[in-house]
Amino acid sequence: MLSSTVLANPTSENIVAQKIHNFKRSGQPWIEIDLSDQHLFAWEGKNQIFSAVISSGKPETPTYSGIYTIQRKYPQDRMRGDDYDIPDVPSVIYFDRGYALHGAYWHNNFGTPVSHGCINLPVNNAQWLFDWTTIGTPVVIHQ
């Protein structure tokens, strides 16, 4: 008999939980993004030093869970896709290919998934995060 229940991948959840445990023990700066409650947390080891409400990807353009690192940063960048072209996006922090943490001046729907997969933050929070992060800062995204 086939079951209609779909279970989350316990291996992936265990890996994320272990990474979070390791980062908390390390004392190093790292970022946690909880997609289920649309929040970002900045940590130094086990000490949470910052939090912000975010907007992640819509169901049709999701933000993917995973463990990433900051790859590059730009004070401003132009973001383009099939149905958008946004100039002067502030405090852009790329963590996976074209996916980034960045300020969003074009909406105020934080707490609701509205993006094309990026992590949108209020502009002032994005600036704080931009100033705090360095290339290589870990980013953990989970449900």
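Note that this is a predicted model, so its numbers are computed, not measured.
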Next item on the list: Would you kindly confirm whether F130 and W30 end up in one hydrophobic cluster when ILVMFWY residues are joined by side chain heavy atoms under 4.5 Å apart?
Entry: no
Checklist line | Pair N14, Q18: side-chain N/O donor-acceptor within cut-off below 3.5 Å | finding: no
Checklist line | Other residues, nucleotides, ligands: >12 heavy atoms within 6.0 Å of K46 NZ | finding: no
Check: Side-chain heavy atoms under 4.5 angstrom apart, residues restricted to Ile, Leu, Val, Met, Phe, Trp, Tyr: same cluster for L129 and Y99?
Finding: yes
Note to self: Could you check whether any side-chain heavy atom of P122 comes within less than 4.5 Å of a side-chain heavy atom of N125, counting everything from C-beta outward?
What the structure shows: yes
Next item on the list: Please lay out, stage by stage, how T69 and T137 fare under the test side-chain contact (heavy atoms from CB on, under 4.5 Å).
Entry: CA-CA 5 Å; T69 58; T137 300; over 6 Å; no
Check: How about S65 and L35: do any of their side-chain heavy atoms sit closer than 4.5 Å?
Finding: yes
Check: Judged by atom type as modelled, is there a donor-acceptor pair below 3.5 Å linking the side chain of T61 to the main-chain atoms of G57?
Finding: no
Next item on the list: Please name the pair of heavy atoms, one in A100 and one in C118, separated by the smallest distance, quoted to 0.1 Å.
Entry: O-CB, 3.2 Å
Next item on the list: From the options D83, T63, D82, select the one residue that forms a side-chain hydrogen bond (donor to acceptor under 3.5 Å, both in side chains) with H116.
Entry: D83
Next item on the list: Give a yes or no on whether F23 and F95 share a hydrophobic cluster (residues Ile, Leu, Val, Met, Phe, Trp, Tyr; joining criterion: side-chain heavy atoms under 4.5 Å apart).
Entry: no
Item checked: R78 and D88 ion-paired at < 4.0 Å -> no
Check: Going by atom types alone, do Q127 and W132 pair a side-chain donor with an acceptor below 3.5 Å?
Finding: no
Check: Looking only at heavy atoms, which two atoms of G103 and W106 are closest? And how far apart?
Finding: O-CH2, 3.5 Å
Margin query: Are Q76 and S91 packed together at the side-chain level, in the sense that at least one heavy-atom pair is separated by less than 4.5 angstrom?
Written below: no
Item checked: Student check: side-chain heavy atoms of I86 and R80 closer than 4.5 Å -> no
Check: D85 and M79: side-chain contact (heavy atoms from CB on, under 4.5 Å), yes or no, with the steps?
Finding: CA-CA 6 Å; D85 184 355; M79 301 196 126; over 6 Å; no
Margin query: Applying a strict under-4.5 Å side-chain criterion to I, L, V, M, F, W and Y, I'd like to know whether V139 and I119 cluster together.
Written below: yes
Checklist line | Gap between atom CD1 of I67 and atom CG of D96 - 0.5 Å precision | finding: 12.5 Å
Notebook entry, point to check: Among side-chain atoms of S55 and Q38, is any donor-acceptor pair under 3.5 angstrom?
Noted result: no
Check: Is any side-chain heavy atom of T133 less than 4.5 Å from a side-chain heavy atom of I31?
Finding: yes
Notebook entry, point to check: Could K73 and Y94 be counted as a cation-pi pair, given that NZ or CZ must be under 6.0 Å from the ring centre and within 45° of the axis?
Noted result: no
Margin query: I need the S26 OG to E44 CD distance, nearest 0.5 Å.
Written below: 10.0 Å
Check: Any idea how H39 and F41 line up, ring-wise: parallel (<30°), tilted (30 to 60°), or perpendicular (>60°)?
Finding: parallel
Item checked: No-hydrogen, no-angle side-chain donor-acceptor test under 3.5 Å, H142 and E32 -> yes
Next item on the list: Carefully, step by step, assess I70 and T134 under the rule side-chain contact (heavy atoms from CB on, under 4.5 Å).
Entry: CA-CA 7 Å; I70 301 301; T134 59; over 6 Å; no
Item checked: Minimum heavy-atom distance E60-P62, with the two atoms named -> C-CD, 3.6 Å
Notebook entry, point to check: Same cluster or not: are I135 and W43 linked, directly or through other Ile, Leu, Val, Met, Phe, Trp or Tyr residues, by side-chain heavy atoms under 4.5 angstrom apart?
Noted result: no
Margin query: With a 4.5 Å cut-off on side-chain heavy atoms, are P90 and Y105 touching?
Written below: yes
Next item on the list: Run the ring-centre check on F50 versus W128 and record whether the distance is less than 6.0 Å.
Entry: yes
Check: Minimum heavy-atom separation for I33 to I54, with atom names?
Finding: CG2-CD1, 3.8 Å
Check: Taking side chain as C-beta onward, heavy atoms only, is D37 less than 4.5 Å from V53?
Finding: no
Note to self: Ignoring hydrogens, what is the shortest heavy-atom contact between H102 and V89? Give both atom names and the distance.
What the structure shows: ND1-CG1, 3.5 Å
Margin query: Main chain of N120, side chain of S115: is a donor-acceptor contact present, judged purely on distance under 3.5 Å?
Written below: no
